[in-house]
There are 2 protein chains.
Amino acid sequence: MGKIRETFRRYLSDKGLKSTQQREIILDEFLRAGSHLSTEELYLRIRRQHPNIGYATVYRTLKLFSECGIAEEHNFGDGQTRYESVAGEEHHDHLICTGCKRIIEFEDPRIESLQDEVARLHDFKILDHRLELYGLCSECRQK
Amino acid sequence: MGKIRETFRRYLSDKGLKSTQQREIILDEFLRAGSHLSTEELYLRIRRQHPNIGYATVYRTLKLFSECGIAEEHNFGDGQTRYESVAGEEHHDHLICTGCKRIIEFEDPRIESLQDEVARLHDFKILDHRLELYGLCSECRQK
DNA sequence: TGTTTCCATGAAAATGATTATCAATCTTGG
DNA sequence: CCAAGATTGATAATCATTTTCATGGAAACA
Ligand SMILES: [Mn+2]
Ligand SMILES: [Mn+2]
Ligand SMILES: [Zn+2]
Ligand SMILES: [Zn+2]
């Protein structure tokens with residue numbers, strides 16, 4: 001069984017929550033589908049095979065994923081919360097093309113350590129951060 | 001007359017829009033009040049002296065400020081859009097204390113130039129960016 | 001100054017994403 | 001298998017923001 005699925009089940013049992021078919025189905029599709037999907041996008045995908053699963057359940061379950069650490073929430077400014085799986089991958093930030101909505105991931109440890117330096121300077125303890133670069137990818141610039 | 005007010009009036013006339021009492025009043029209070037205010041917070045302040053100005057007008061006017069470049073929109077994750085005046089000050093980013101909601105501004109040209117480097121690497125043209133560090137200020141950590 | 005033309009305004013309704021409610025239905029420990 | 005309690009799906013409710021629309025106001029112009 002995948003490590004992610006195991007993490008999720010342990011989280012449920014530790015919290016006295018229950019492992020249900022819906023939660024398994026939603027997790028399956030969440031892991032199968034591409035990243036940075038909105039709740040609605042995931043719901044629409046799931047509905048193709050499981051038209052009886054409710055919208056609210058998808059919302060609730062994605063929130064669970066985020067609580068137990070297997071998913072991360074994002075707000076890229078389009079008014080919808082997006083989720084991506086964090087399969088033990090290293091942290092990364094995002095370039096967002098406002099033309100084609102493409103999302104490019106990047107990581108730069110130098111930026112991360114400068115962030116730490118800034119925090120130290122202000123006697124601040126960082127718990128989370130977001131760095132998003134908005135603009136146009138090369139394809140969109142050629143139009 | 002302040003440079004900001006002038007910029008705003010020129011923007012209005014260039015666009016064939018009209019200079020109204022409400023817009024002047026809202027701009028005055030926007031410049032007088034502290035930064036990073038939400039629409040509701042600004043509306044409540046304005047209402048003390050001008051109870052006849054409508055909520056929708058404050059929304060519309062703040063959007064105008066942002067369009068003409070005298071204000072900047074922010075989303076610090078509390079579900080409300082916040083605005084701050086950009087009185088020709090240099091760009092800065094934000095440390096946000098999730099305990100007391102305090103907002104600390106900082107700038108680090110080294111981070112900015114690393115962002116440019118990342119963009120170059122991905123053949124991406126940055127039009128905007130957001131860097132927000134969430135965590136706890138020193139005071140909030142001592143509780 | 002009066003007229004005309006649009007734009008702006010305020011109140012209220014509409015929207016869109018997300019959350020809460022609730023009766024019916026599963027999970028799970030014993 | 002059973003009881004206790006969590007989950008689900010449908011739907012109503014929220015909350016911030018936007019739209020609508022009738023009325024009022026700015027501004028170019030006569
Ligand atoms: Mn990502
Ligand atoms: Mn600021
Ligand atoms: Zn693009
Ligand atoms: Zn604090």
Side-chain angles (χ1 to χ4, degrees), chain A residues 5 8-30 36-44 46-68 71 73-83 101, chain B residues 5 8-30 36-68 71-83 101:
Chain A
R5 271 177 256 276
F8 183 50
R9 290 193 190 151
R10 182 167 305 138
Y11 177 80
L12 292 178
S13 97
D14 285 357
K15 289 261 181 180
L17 305 177
K18 289 167 179 172
S19 186
T20 67
Q21 282 196 303
Q22 287 91 333
R23 284 173 177 167
E24 295 290 332
I25 290 167
I26 293 169
L27 179 54
D28 282 350
E29 188 60 32
F30 175 65
H36 312 120
L37 261 64
S38 70
T39 310
E40 184 183 21
E41 286 164 353
L42 187 64
Y43 167 70
L44 290 176
I46 290 170
R47 199 174 60 171
R48 299 201 292 237
Q49 300 298 321
H50 303 278
N52 44 334
I53 288 187
Y55 210 152
T57 301
V58 178
Y59 265 97
R60 288 186 281 233
T61 305
L62 282 172
K63 188 136 295 186
L64 274 182
F65 292 171
S66 145
E67 283 167 24
C68 83
E73 288 189 10
H74 291 295
N75 266 100
F76 292 141
D78 63 350
Q80 285 183 271
T81 302
R82 296 179 174 278
Y83 291 85
K101 312 302 177 194
Chain B
R5 270 177 259 274
F8 183 51
R9 290 195 190 149
R10 182 167 307 137
Y11 177 81
L12 292 179
S13 98
D14 285 357
K15 289 262 180 178
L17 305 177
K18 288 168 180 171
S19 185
T20 67
Q21 282 196 301
Q22 287 91 332
R23 284 172 178 169
E24 295 290 333
I25 290 167
I26 293 169
L27 179 53
D28 283 349
E29 189 59 34
F30 175 65
H36 311 121
L37 261 64
S38 69
T39 311
E40 184 183 23
E41 285 164 354
L42 188 64
Y43 167 71
L44 291 176
R45 289 186 61 121
I46 290 169
R47 199 174 58 170
R48 300 200 292 238
Q49 301 297 320
H50 304 278
N52 43 335
I53 290 187
Y55 212 151
T57 301
V58 178
Y59 265 98
R60 288 186 281 233
T61 306
L62 281 172
K63 188 137 294 185
L64 274 181
F65 293 170
S66 145
E67 283 167 25
C68 82
E72 212 166 79
E73 288 187 11
H74 291 295
N75 265 101
F76 292 142
D78 63 349
Q80 285 183 271
T81 301
R82 295 179 175 280
Y83 291 85
K101 313 300 179 195

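Proteins come first, then strands; the chains are lettered A, B, ... in the order of their sequence lines, and each starts at number 1.
- For the atom pair Ile46(B) CD1 and Ile26(B) CD1, the distance stands at 5.0 Å (nearest 0.5 Å).
- Here Glu67(A) pairs with Tyr11(A) under the side-chain hydrogen bond (donor to acceptor under 3.5 Å, both in side chains) rule; sequence neighbours left out.
- Under the side-chain hydrogen bond (donor to acceptor under 3.5 Å, both in side chains) criterion, Asn75(A) pairs with no residue, sequence neighbours left out.
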Show the distances under 3.5 angstrom between N or O atoms of the protein and N or O atoms of nucleotides 11-18 of chain C.
residue	atom	partner	partner atom	Å
dA17(C)	O3'	Gly79(A)	O	3.4
dT18(C)	OP1	Thr81(A)	N	2.8
dT18(C)	OP1	Thr81(A)	OG1	2.8
dT18(C)	OP2	Tyr59(A)	OH	2.5
dT18(C)	O5'	Tyr59(A)	OH	3.4

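- Protein atom CD1 of Ile25(B) is 16 Å distant from nucleotide atom P of dA8(C), rounded to whole Å.
- Evaluation of the ring-ring contact (aromatic ring centres under 6.0 Å, His included) rule for Tyr83(B) yields no partner, not counting sequence neighbours.
- Residues forming a side chain to side chain contact (heavy atoms under 4.5 Å, CB included) with Leu27(B) (at least two apart in sequence, or on another chain): Ile4(B), Arg5(B), Phe8(B), Phe30(B), Leu31(B), Phe65(B), Ile70(B).
- The distance between atom CG of Leu62(B) and atom C1' of dA8(C), rounded to the nearest whole Å, is 16 Å.
- Comparing the axis of the opening five pairs of the helix from dT1(C)-dA30(D) to dG30(C)-dC1(D) with that of the closing five pairs yields an angle of 30°, rounded to 10°.
- To the nearest 0.5 Å, atom CZ of residue Arg47(B) and atom CD of residue Glu40(B) are 9.0 Å apart.
- The side-chain hydrogen bond (donor to acceptor under 3.5 Å, both in side chains) test applied to Arg10(B) returns Glu6(B), not counting sequence neighbours.
- The side-chain hydrogen bond (donor to acceptor under 3.5 Å, both in side chains) analysis of residues 52-62 of chain B, with sequence neighbours excluded, yields no pairs.
- Going from atom CG of Leu44(B) over to atom OG of Ser38(B) covers 8.0 Å, rounded to the nearest 0.5 Å.
- The distance between atom NZ of Lys15(B) and atom P of dA8(C), rounded to the nearest whole Å, is 12 Å.
- Pairs engaging residues 14-23 of chain B under the side-chain hydrogen bond (donor to acceptor under 3.5 Å, both in side chains) rule: Ser19(B)-Glu24(B) [sequence neighbours left out].
- For DNA chain D, no neighbouring residue in residues 41-48 of chain B is found when judged by any heavy atom under 4.0 Å.
- Taken from CG in Leu64(B) to CG in Leu17(B), the straight-line distance is 6.5 Å, to the nearest 0.5 Å.
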Letter by letter from the 5' end, nucleotides 24-30 of chain D scores (B base, S sugar-phosphate only, - none; protein heavy atoms under 4.0 Å) -BBS---

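- Contact of the Leu37(B) side chain with the Arg45(B) side chain is registered, since non-hydrogen atoms from C-beta on lie closer than 4.5 Å.
- Counting to the nearest Å, the C1' atom of dA6(D) and the CZ atom of Arg9(A) are 18 Å from each other.
- In this entry the distance linking CZ of Arg23(B) with P of dC7(C) reads 11 Å, nearest Å.
- Rounded to an integer number of Å, the gap from CD of Gln22(B) to P of dT9(C) is 5 Å.
- dA8(C) atom C1' lies 12 Å from atom CZ of Phe8(B), rounded to whole Å.
- Taking the side chain to side chain contact (heavy atoms under 4.5 Å, CB included) definition, one finds that Phe76(A) meets it with His36(A), His74(A), Arg82(A), His94(A), Ile96(A), Ile103(A), Glu132(A), Tyr134(A), sequence neighbours left out.
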